[in-house]
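For ligands, and for the atoms within them, numbers begin at 1 and follow the listed sequence. Note that these values count all heavy atoms, side chains included, but never hydrogens, waters or copies made by symmetry.
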Amino acid sequence: MKIVDGVYWVGVADWGLRHFHGFELSTHKGSSYNSYLIKDEKIALIDTVWEPFAEEFLSKLQRVVDLESIDYVIANHGEVDHSGALPALMEKIPEATLVVSPRGEESLRYHYHQDWNFQVVKTGDRISLGRKELVFIEAPMLHWPDSMFTYLTEDNILMSNDAFGMHYASSGLFDDLVDMEEVLREAVKYYANILTPFSRQVVKKIEELKKMEVPVDIIAPSHGIIWRKDPGKIIDLYYRWGRGESQERIIIAYDTMWEATARMAYAIEEGIHEEGIDCRLLPLAVTDRNDVVAEVFQARGLLLGSPTFNRSILPTVAPFLEEVKGLRFQNKLGAAFGSYGWSGEAVSILEKNLKEAGIEVLQEGINVKFQPNQEDLEKCRTFAREFAAEMKKRT
Ligand SMILES: Cc1cc2nc3c(=O)[nH]c(=O)nc-3n(C[C@H](O)[C@H](O)[C@H](O)COP(=O)(O)O)c2cc1C
Ligand SMILES: [Fe+2]
Ligand SMILES: [Fe+2]
C-alpha cells in the first residue's frame, strides 16, 4: 500500500489478535505490525513483523521489491512483534546493513544470537538514500531502552515505532479512512496500559521534537493507523497524557461475593451524582482489566471496593492493584470501601496499595459489617459527597 511516492506500507494486519504480550493485554480490535519500505536510489526497510507472520510478510514484500536490492534494514525496536521476521529476512539478505540504536544492537543480539551486519546509529545520525535521507532519533523507554524513531526527509514522515500507535487492525490504514472514535479509544488504552510508566520520557521526547523544529507531515507508527490528516492530534494527546491530565470523573471499581460491597458502591455512586460529577461503576470480576486501566487512567478519582476475604482482599481485585502499582499514574485521588464479617482487613489493605501506587488517599475508607443498613448506606453517600467535593476543590 502506497503512503507517498516511493514509500510503502508492507506490514501485516492481525485481525484475529485478542491478546498481546502473552495474555497481559487485551486487543479487542486486533492489531497490525507496520513495516515500511522506502525506494530511493537506495532501498530501506523500516521494521518487520511478528514471527508467525514472517512468511506472509516476505511474500508480500517480494511483490513490491526484489529482496536482494534492499540496502538497509532499520530495526527501531528489538521487541519480537517488530523484529520477529528478521531472522527469515536476514537469511535471504545477509549482506544488508541492519541499522540499530546502541541498545538495539544489544537487544537483537540477545534475542536472536546472530552476527548480522549491524550499523549502530545515535540521535541525529543520517543515512542518505539518494534524494531522501533517514534521520535517527533515539527514544529510550518508548517502549524499551532500545527504541528509536526514524524520520524520512522530503516526505517528512516520522516512523515512531510503538509511540503514537494503537492495537487496531484496519483496512483503511489512514486516519482519514477509519472510524476515529474507535481508534482514539484504542490509542488511549494503549497509552494507559503500555506507556504510562514512561510518561516523563514521553513529555521530554515531544519537547525535544518541538525544539528540533522538524516538520512532521505524517506519523507512521508500528501498530494501527497512520496519521496523515492530523498528525498533530496524537502528539497533542500524548503530551497531555504524559503530563497526567485527566477528566473530572470518578471510577468506582469493586468486586463483591454477596452484594454487600456492591450495595455500598451503588450508594457511593448516588453521592457522587449528587455532587454533579461524572462517575462510572466497574465491577472488576467481569470487566476486562485493561479496559479498567484505561478508564482509571482517564479519570481523576478512583474509589476502590473489596470485601474482606480470608483476611485479605478478593483475588479479583489484586491483579488490578498490581497493574496500577506498576503503571504509576499521576495526579490521581483515591479512597477505599468494603464490607467485612469479623476481622475486616480489606479496606486498610486497599488503602496501603493505593498509596503504593502513588494515588493520594483523600479520606479514611469506609467499612461496613456484613450487609449495609440504611444508616450505612447514608454513610456511603456522605463519604462519596465528601470525596467529590474535595476533588472539585483540587481542580
Ligand atoms: C470465603 C469467605 C472468606 C471470608 N473471609 C473473611 C475474613 O477473613 N475476614 C472477615 O472479616 N470477613 C471475611 N468474610 C466475610 C465477608 O467479608 C462478608 O461476608 C462480607 O459482607 C462480604 O461482602 P460482599 O457481599 O461484598 O462479598 C469472608 C467471607 C467469605 C464468603
Ligand atoms: Fe514494544
Ligand atoms: Fe510493538
Side-chain angles (χ1 to χ4, degrees), residues 11-12 14 17 19-22 24-25 27 30-35 46-51 53 75-85 101 103-104 107-108 111 139-149 159-169 186-187 190-191 193-195 197-198 201-202 220-224 252-268 281 283-285 304-317 336-350 366-373 376-377 380:
V12 166
D14 190 351
L17 187 80
H19 300 279
F20 190 72
H21 287 154
E24 186 269 321
L25 182 66
T27 48
S31 191
S32 68
Y33 317 106
N34 297 339
S35 169
I46 321 292
D47 292 320
T48 69
V49 303
W50 189 25
E51 191 273 334
F53 296 93
N76 278 324
H77 177 27
E79 194 166 8
V80 298
D81 50 335
H82 310 294
S83 67
S101 71
R103 297 295 290 271
S107 99
L108 288 184
H111 272 87
M141 300 325 292
L142 307 178
H143 161 226
W144 278 3
D146 62 8
S147 295
M148 68 172 182
F149 300 166
M159 286 160 284
S160 54
N161 199 268
D162 280 338
F164 310 124
M166 75 292 307
H167 290 303
Y168 189 76
E186 293 305 323
Y190 182 97
Y191 188 100
N193 282 276
I194 299 176
L195 292 174
F198 316 119
Q201 288 92 331
V202 168
S222 60
H223 298 287
I252 306 174
Y254 67 97
D255 195 18
T256 186
M257 296 179 287
W258 297 117
E259 291 291 307
T261 306
R263 289 184 181 105
M264 295 174 73
Y266 305 149
I268 289 169
L281 263 91
L284 288 169
L304 195 56
S306 169
T308 298
F309 172 82
N310 296 337
R311 306 187 131 257
S312 185
I313 55 175
L314 274 178
T316 41
V317 179
F337 63 96
S339 172
Y340 71 103
W342 47 97
S343 56
E345 289 88 348
V347 167
S348 61
I349 291 173
L350 292 177
I366 184 158
N367 276 297
V368 166
K369 192 172 173 91
F370 286 121
Q371 295 294 333
N373 62 15
D376 294 323
L377 292 176
C380 288

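Protein heavy atom in closest approach to atom 22 (C) of ligand 1: Pro307 CB, 3.7 Å. For atom 12 (N) of ligand 1, the closest non-hydrogen atom of the protein is Gly341 N, 3.2 Å. Ranking protein heavy atoms by distance to atom 9 (N) of ligand 1, first place goes to Ser343 OG, 2.7 Å. For atom 21 (O) of ligand 1, the nearest protein heavy atom (residue, atom name, distance) is Ser339 OG, 2.6 Å.
Phe370 and Trp342 have tilted rings, their planes meeting at an angle from 30° to 60° on a 0 to 90° scale. Between Phe53 and Tyr33, the ring planes lie tilted relative to each other; the angle falls in the 30° to 60° range.
Looking at ligand 1, you'll find an N or O of Ala260 within less than 3.5 Å of one of its N or O atoms. In terms of N/O distances under 3.5 Å, ligand 1 is approached by Trp258.
Under the 3.5 Å distance criterion, with hydrogens and angles disregarded, a donor-acceptor pair is assigned to the side chains of Glu79 and His21.
Of the listed options Thr261, Thr308, Val368, Asn310, Thr308 places a heavy atom closest to atom 17 (O) of ligand 1. When Met257, Arg311, Arg263, Lys369 are checked for heavy-atom proximity to atom 27 (O) of ligand 1, Met257 turns out nearest.
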Check the pair Leu142 / Val202 against side-chain contact (heavy atoms from CB on, under 4.5 Å), numbers first and verdict last. CA-CA 7 Å; Leu142 307 178; Val202 168; 3.4 Å; yes
Derivation of the side-chain contact (heavy atoms from CB on, under 4.5 Å) call for Asn34 and Asp47: CA-CA 7 Å; Asn34 297 339; Asp47 292 320; over 6 Å; no
Between Phe164 and Tyr190, does a side-chain contact (heavy atoms from CB on, under 4.5 Å) hold up when you go through it step by step? CA-CA 9 Å; Phe164 310 124; Tyr190 182 97; over 6 Å; no
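Taking the six-membered ring wherever Trp is involved, the centroid distance between the rings of His19 and His167 does not fall below 6.0 Å.
Residue-ligand proximity, Thr256 to ligand 1, at heavy-atom distances under 4.0 Å covers atoms 24 (P), 25 (O), 26 (O), 27 (O). Listed by number with element, the atoms of ligand 1 under 4.0 Å from a non-hydrogen atom of Phe370 are 18 (C), 19 (O), 21 (O). Listed by number with element, the atoms of ligand 1 under 4.0 Å from a non-hydrogen atom of Glu259 are 25 (O). Those atoms of ligand 1 that come under 4.0 Å of a heavy atom in Phe309, given as number and element, are 1 (C), 2 (C), 3 (C), 4 (C), 5 (N).
Looking at Asn193, Thr27, Asp14 one by one, the single match for side chain to side chain contact (heavy atoms under 4.5 Å, CB included) with Phe20 turns out to be Thr27.
For a distance threshold of 2.8 Å, the protein N, O or S atoms nearer than that to the Fe ion (ligand 3), listed by chain and number, are Asp81 OD2, His82 NE2, Asp162 OD1, His223 NE2.
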